[in-house]
Trainee: 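A single structure is presented below for examination.
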Amino acid sequence: MGITFNEEAGIFKIDAPDTTYMLGIFDDERFVTHLYYGKRIVDTDVNYLYGPVYQVRPSVLPGQAGRIMDTIPFEYPTYGCGDYREHCLEVETLEGYHACDLRYEAHKIYPGKPKLVGLPATFEKEEGECTTLELICRDKTLNLKVTLLYTVFEYLNVITRTVLLTNENEKVIYIKRVLSGCLEFDHQNMDVLTLHGSWERECGPVRTPLRQGKVTTGSTRGESGPTDNPFLAVLDSSATEDVGDVFAMNLVYSGNFLGVAEGHHFRGSRVVMGINPTNFSWKLEQGESFTAPEVVMVYSDQGLGKMSRTFHDLYRRHLIRDVYPDTSRPVLINNWEATYFDFTFEKLTEIAAEAGKCGIELFVLDDGWFGNRNDEKRGLGDWFVNEEKLPGGIGRLSSEINKLGLKFGLWIEPEMVSPDSELFRTHPDWAIQIPGRHRSLFRHQYVLDWSRKEVRDYIYDMIHKVLSSANVEYIKWDMNRTLTETASAALPADRQGELCHRYVLGVYEIMGRLRNDFPSLLLENCSAGGSRFDPGVLYYSPQIWGSDDSDAIERIQIQMGASMCYPLSTIGAHISAVPNHQTGRITSLETRGYIAMAGTFGYELDITKMSDEEKKTIREQVDIYHRYNLLIKDGDLYRIGDPFGNRDYACWMNVSKDKKEALVTYIQTHALPGFFGSARKLRLKGLEEASIYEVKIISESKEVRNEEAHTEGGQELGDTCESLKLSGSALMHAGYWMKRLSGDYMGMLIHLKAE
Ligand code: GLA
């Protein structure tokens, strides 16, 4: 079993293949303290680790002059009793007092992993994969029971944590702050890695040296957001993609979150993560419990690459419930960048017909099919088809698309309402607002109060009706604005701080109902691109639209950034038209394909306007997708070089679990002059040292063919290594000469097959 208790030493030991995590019950006062997290060790008594720092106290015995709480490495630090570092828990009594002090009371160790009520979480797939420790602590004055839950995935370097608060007092307790987990380190020689960006520029890694002080990431937007992702890692200052210790946290939550890494005044550091305490409070009546979202902790002893692969393995098997578990998901075509709001039944079916001829398998109708939604100013909330635009409704359209041999999918944005809509005219109080205060409009829309059951049920019934009227096999669930002026007409004053969390719970409830009622439906989430790209959403949706920036070159960084913790199979990526609508950049169709294949793969352009030669390329791309997608979906990802610091090229590999096959994607983002300018020898990764691989270029970018965007073809630079046989050791240590490419944004796919 991965969790043991050394009773004499008072120490719990959590073991994963290359990881040990240890916590103890600290002397007579029974504080629950952190002892060790890192590479696996064999000892079960490591009390010596408390070391000089924690022994130096003005008082050695309880009841004497006092102790410095600020030096103790608490497992779940609380506010109010002398630990001034970042804390996880703050509560308020009816009298307005804020102190809380937790002591160990009991524990349980058992096989399996408990479910979290109302919240998404990772799960055990087969018996024997997980062991759980429940550590019960109590603040005696408050009679607040705090259960710390740890689950280890025995074959992965993953430990998950959460906390359950139960009010066993007869009086109400208000939770002001409840974070999900904490890590303690006895040094500060580390960097902090977080993912930041903005709309159309999501998931950019930012590495900051940790010093005394704090590095934070977080959201108060009501969703996880595009500016900060609920991910934070601390790593050795010298750690790279392949070397060094990394300790990462990722919150399984889709609302306001906070992550903080703090270098504190005793030269140690602390990392915490959980629901953002800003505008949060929760009223806990006698006997009631509150469950915090789960935080996933990954330890890697081999840099960021292994950290990412561990997250990918965990999420693919223990979080995502894929409706296409053993096959590729269908290649889709979405009409958004092809038509925006300006479409007719005929135009849509023409696109579907051409797409079908190219092997595309799913047609997705995006925004604009319902109510009076002819532009972005109106119609949200009126989830009934606009028969003027689509005579015969979604039923007729979907059956026409099915006749053309494609599946049919539909866009919805159920959490929103336009002021110009029947719904808003009937129920203006259903939109989130503070009475007497200006209500902000973003993208001409308000947010519905999904903390209210009647609001959720009403919207869900409308959408259920549409889905039941037609053969809809895919849904794109969008969310195009953040929450502002948050107040609910249905909550009393002392519960207004619950709104943002209740909103997220409401979203999870409806996504859960949708999955239950339509089990074969492929759900893709989207929030103005990747503004709600988090593990909470992945529990319901196996894929999330990566960014509203569909430019292939921009997408390299966005997708590689997201791949820090999310598998490529979750990142919605499409080939769009050139010049690209967001950047004006022109790239070849092949290059756009290579980059979209490092994602879910699909098209978002007007295929009826493409030349026969381009359609032939599309057929080849669909074929390549089907040949190699399982390698990308289920294999191991290796990022080669530095996709973030290097402007000249990008390269990544997908290697099958048995290491018998690999696909290398190489894109020259910036051509350089001279014979050696664009010659690059790259060291491949993840192969079997002794195996002999046949290495073959299977596809290469051609000059740009688009008429609007004509560019001259590149100069032929001659062949290097187009097909050869080499050992894994040579490819990984001596390296592989990439074929020289002429021109920016040219690329290729290289396939490796072991003999
Ligand atoms: C958001 C999405 C886009 C598209 C539009 C439709 O911006 O990110 O992909 O669906 O909404 O309005």
Side-chain angles (χ1 to χ4, degrees), residues 197-203 221-227 254 332-343 347-348 351 362-383 385-386 389-390 408-421 441-447 463 472 474-482 522-534 537 541 543-552 554-555 558-559 562 570-577 580-583 592 596 599-606:
S198 68
W199 177 55
E200 295 190 333
R201 191 169 52 81
E202 296 84 349
C203 280
R221 296 163 179 268
E223 61 175 357
S224 40
T227 61
S254 312
L332 68 77
I333 186 158
N334 176 304
N335 75 308
W336 179 243
E337 287 198 17
T339 66
Y340 296 100
F341 290 102
D342 186 16
F343 57 80
K347 180 73 201 168
L348 299 178
I351 292 178
L362 165 65
F363 174 85
V364 177
L365 172 55
D366 210 277
D367 197 355
W369 57 267
F370 50 90
N372 62 352
R373 184 87 170 160
N374 292 319
D375 56 37
E376 61 180 35
K377 294 194 177 135
R378 60 205 92 243
L380 290 171
D382 296 341
W383 300 107
V385 73
N386 179 337
K389 252 178 166 174
L390 298 175
F408 178 76
L410 201 57
W411 179 96
I412 56 173
E413 194 181 356
E415 298 158 67
M416 300 292 151
V417 64
S418 309
D420 181 1
S421 66
L441 267 178
F442 285 173
R443 210 195 187 207
H444 312 277
Q445 63 199 55
Y446 299 130
V447 185
I463 285 167
V472 182
Y474 161 107
I475 281 284
K476 176 174 169 189
W477 177 311
D478 211 337
M479 194 254 191
N480 279 316
R481 68 156 283 183
T482 52
L522 172 58
L523 184 60
E524 172 157 354
N525 255 260
C526 171
S527 177
S531 298
R532 201 159 59 181
F533 209 122
D534 59 62
V537 164
S541 279
Q543 55 191 57
I544 304 173
W545 180 227
S547 177
D548 274 352
D549 186 353
S550 67
D551 175 273
E554 289 292 297
R555 273 301 192 109
I558 294 170
Q559 293 172 201
T570 66
I571 306 171
H574 299 166
I575 294 176
S576 57
N580 174 266
H581 292 193
Q582 290 80 40
T583 61
R592 281 174 273 156
T600 57
F601 193 64
Y603 294 81
E604 189 162 329
L605 40 67
D606 189 347

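Note that the coordinates shown come from a computational prediction; the quantities given were computed from them, not determined experimentally. Counting starts at 1 for both ligands and their atoms, in listed order.
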Trainee: Heavy-atom count check: over 12 atoms from other residues, nucleotides or ligands less than 6.0 Å from D375 CG?
Mentor: yes
Trainee: What is the ring orientation for W336 with F341, classed by angle as parallel under 30°, tilted 30 to 60°, or perpendicular over 60°?
Mentor: perpendicular
Trainee: Can you list every protein residue that has a heavy atom under 4.0 Å from any atom of ligand 1, sorted by chain and residue number?
Mentor: W336, D366, D367, W411, R443, K476, D478, N480, C526, A528, G529, W545, D548
Trainee: Would you say that more than 12 heavy atoms from the other residues, nucleotides or ligands in this model lie under 6.0 Å from the NZ of K347, or not?
Mentor: yes
Trainee: Measure the acute angle between the ring planes of W383 and F370, then classify it against the limits of 30° and 60° as parallel, tilted or perpendicular.
Mentor: tilted
Trainee: Restricting to side chain to side chain donor-acceptor pair (under 3.5 Å), what partner residues turn up for D549, sequence neighbours left out?
Mentor: none
Trainee: Indicate whether the side chain of N580 and that of S550 have a donor and an acceptor atom separated by less than 3.5 Å.
Mentor: yes
